[in-house]
Amino acid sequence: MELAAAASALDEYDKLVIRMNTPRVVVDNAVCPTATVVKVDSAREHGILLEAVRVLADLDLAVRKAYISSDGRWFMNVFHVTDRCGRKLADRSLTSHLERSLCASRPGDDDTQPSALLTEPAGLEVHGLTTLELAGADRPGLLSEVFAVLRDVECDVVAAKVWTHNGRVASLITVREGRPGSPADAGRVEARLGNVLRGDHHAVRGARNATAVALSPAASAAHSDRRMHQLMFADRDYEQTTSGVSTPPRSAVSVQNWVNRGYSIVNVECRDQPKLLFDVMCTLTDMEYVVFHGVIDTDGDRARQEFYVRHLDGTPIGSEAERQRVIQCLQAAIDRRPCEGAMLELCTADRRGLLADVTQTFREHGLSVTRAEVSTKAGIAMDAFYVADTAGHAVDQRTVDAITERVGVESLKLSEEGRPWCHHKWPTAEEDRVANGGGGVGLFYLGSIVKRNLYNLGLIRSCS
């Protein structure tokens, strides 16, 4: 009897621990007239805030305002979200899915140990699919050569994501071998890609069987942006190029220490863009900072974010070099997201070598791919390419017409609709500052919004 009672007490204790560590989520459509309010309370773990923000980003929700605070070992987060058209979430199935996703979100090993993830084998074979990770210096025609190698070794590309920034490129490419593979075949793929990518700081990761599955096909799409940030961060795309010529940042970032409280205060001001909060949180998490308090606000097309952070060991930023590195890394994370160039959409029956042929056509017409998203569903390839000339300038209409005629006017179309945030050229932080009257970034919340809200989140009743 005593053993049974002890076992029962232990079960109840385990249930209590589980309940305490499971985020409590409330989705409220009544409290704010212009946005859906999402409240997330959870135990404070490194990465838990990023997981909540990731769920919102995966559902393509815009965070208009947010209040982040912690009390002891407990996080209290309030997000004011809308859809991309600025509307509240009227679909009850969507709000129910949001609640379930947030309750299920827990920080994974990739959040708690980013440096360890970057040293693990990244060729992940799941149900016959292998994900290849590539990172290194960008150059015209590189993507065409990569896809040509995969065609030659009889690998079918089923999905891919390509980012470029500051002369660097990162890519996740999911392939299926056209015939049963072997370690020799995987080694051949890695060797061929290594030859294509050889050069300063080039790296190819993957192209071999993984000893443990860290990604599944279902999780790949949800976490691909997270991994892309990690690849580019590890490749140091935030550093100045060797030529000393780089595009001015689109954001203004400042970092100051609040000595009396032991916090470093990080301020970000820029034009609003999709997944902005997610991009910033990815970088702060990968740099092993913990956000204790924060305020996010958008006003028209302007976004302002302020975070009170410390290292994992509880200390603030300790040197000028570290402060500058935080600024550079956050600016790089923000600059990676916008798409520059003309958007070409490809929709056609999939076949082996399709991507090699299309990107070779871009190359022959003097175009470089600045960003790409590739997917295949039911034998149909649905791809989006952002292209510019090799100098980064906009593509003229004659070149577009020649490419579409070569690939097929019914298969390849020029489109910028549906992506209003993708422009030919985004303004820099300095251009934004001039356009908005010359104001600079500073501690715009210190002594005002933060002090009023850090310990009064339960009193919020409106979006103001």
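Taking the charged nitrogens against the carboxylate oxygens, Arg302 and Asp272 have no contact shorter than 4.0 Å, which rules out a salt bridge. Asp225 and Lys161 are joined by a salt bridge, as a carboxylate oxygen and a charged side-chain nitrogen come within less than 4.0 angstrom of each other. The residues Arg250 and Glu340 are annotated as salt-bridged, a charged nitrogen and a carboxylate oxygen being separated by less than 4.0 angstrom. Salt-bridge annotation for Asp156 and Arg176: absent, with no side-chain N of the basic residue lying under 4.0 Å from a carboxylate O of the acidic one. At a threshold of 4.0 Å, the pair Arg336-Asp279 does not count as salt-bridged, since none of the basic side-chain nitrogens sits closer than that to a carboxylate oxygen.
In this structure a side-chain-to-backbone donor-acceptor pair under 3.5 Å is missing from Asn29 to Lys88. In this structure, the side chain of Asn166 engages the main chain of Asp237 through a donor-acceptor pair within 3.5 Å. No donor-acceptor pair closer than 3.5 Å links the side chain of Thr283 to the backbone N or O of Ala333. Side-chain atoms of Thr131 do not come within 3.5 Å of backbone N or O of Ile173 as any donor-acceptor pair. Judged purely by atom type and a 3.5 angstrom limit, Thr164 uses its side chain to pair as donor or acceptor with the backbone of Thr370. No donor-acceptor distance shorter than 3.5 angstrom exists from the side chain of Thr174 to the backbone of Thr130, with no hydrogens or angles considered. Put simply, the side chain of Thr376 never gets that close to the backbone of Gly379: no donor and acceptor are under 3.5 Å apart. When atom types are taken as modelled, the side chain of Gln273 and the backbone of Ile334 share a donor-acceptor pair closer than 3.5 angstrom. Gln331 places a side-chain N or O within donor-acceptor distance of the main-chain N or O of Ser251, the cut-off being under 3.5 Å. With hydrogens and angles ignored, the 3.5 Å screen pairs no side-chain donor or acceptor of Ser368 with any backbone N or O of Thr390.
A search for side-chain hydrogen bond (donor to acceptor under 3.5 Å, both in side chains) contacts involving His393 returns nothing, not counting sequence neighbours. For Asn257, the side-chain hydrogen bond (donor to acceptor under 3.5 Å, both in side chains) partners at least two apart in sequence or on another chain are Ser264. Taking Arg323 as the reference, Glu320 meet the side-chain hydrogen bond (donor to acceptor under 3.5 Å, both in side chains) condition, with sequence neighbours excluded.
Judged by the 6.0 Å and 45° rule, Arg310 forms a cation-pi pair with Tyr263. For Arg371 and Phe385, the positive end is not near the middle of the six-membered ring at less than 6.0 Å and at most 45° from its axis.
Taking the six-membered ring where the residue is Trp, the centroids of His311 and Tyr289 are separated by under 6.0 Å.
Nearest approach of Val169 to Leu142, heavy atoms of both residues: CG1-CD2, 3.7 Å. Nearest heavy-atom pair, Thr315 versus Asp313, reported as atom, atom and distance to 0.1 Å: OG1-OD1, 2.7 Å.
Annotation: Glu410, atom CD; neighbour count of heavy atoms from other residues, nucleotides and ligands within 6.0 Å does not exceed 12.
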### Message
Would Arg84 and Asp60 count as a salt bridge (charged side-chain N to carboxylate O under 4.0 Å, His left out) here? Give the steps.
### Response
CA-CA 7 Å; Arg84 282 293 161 204; Asp60 201 28; 3.2 Å; yes
### Message
If you apply the rule salt bridge (charged side-chain N to carboxylate O under 4.0 Å, His left out), what do you find for Glu345 with Lys413, and how did you get there?
### Response
CA-CA 5 Å; Glu345 293 181 310; Lys413 298 182 182 298; over 6 Å; no
### Working for side chain to side chain contact (heavy atoms under 4.5 Å, CB included), residues Phe79 and Val53
CA-CA 9 Å; Phe79 303 96; Val53 172; 4.1 Å; yes
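Considering only heavy atoms from C-beta on, His80 stays 4.5 Å or farther from Val63 through its side chain.
A donor-acceptor contact under 3.5 angstrom links the side chains of Arg227 and Gln230, judged on distance only. Counting only N and O atoms by type, the side chains of Thr82 and Arg64 include a donor and acceptor under 3.5 Å apart.
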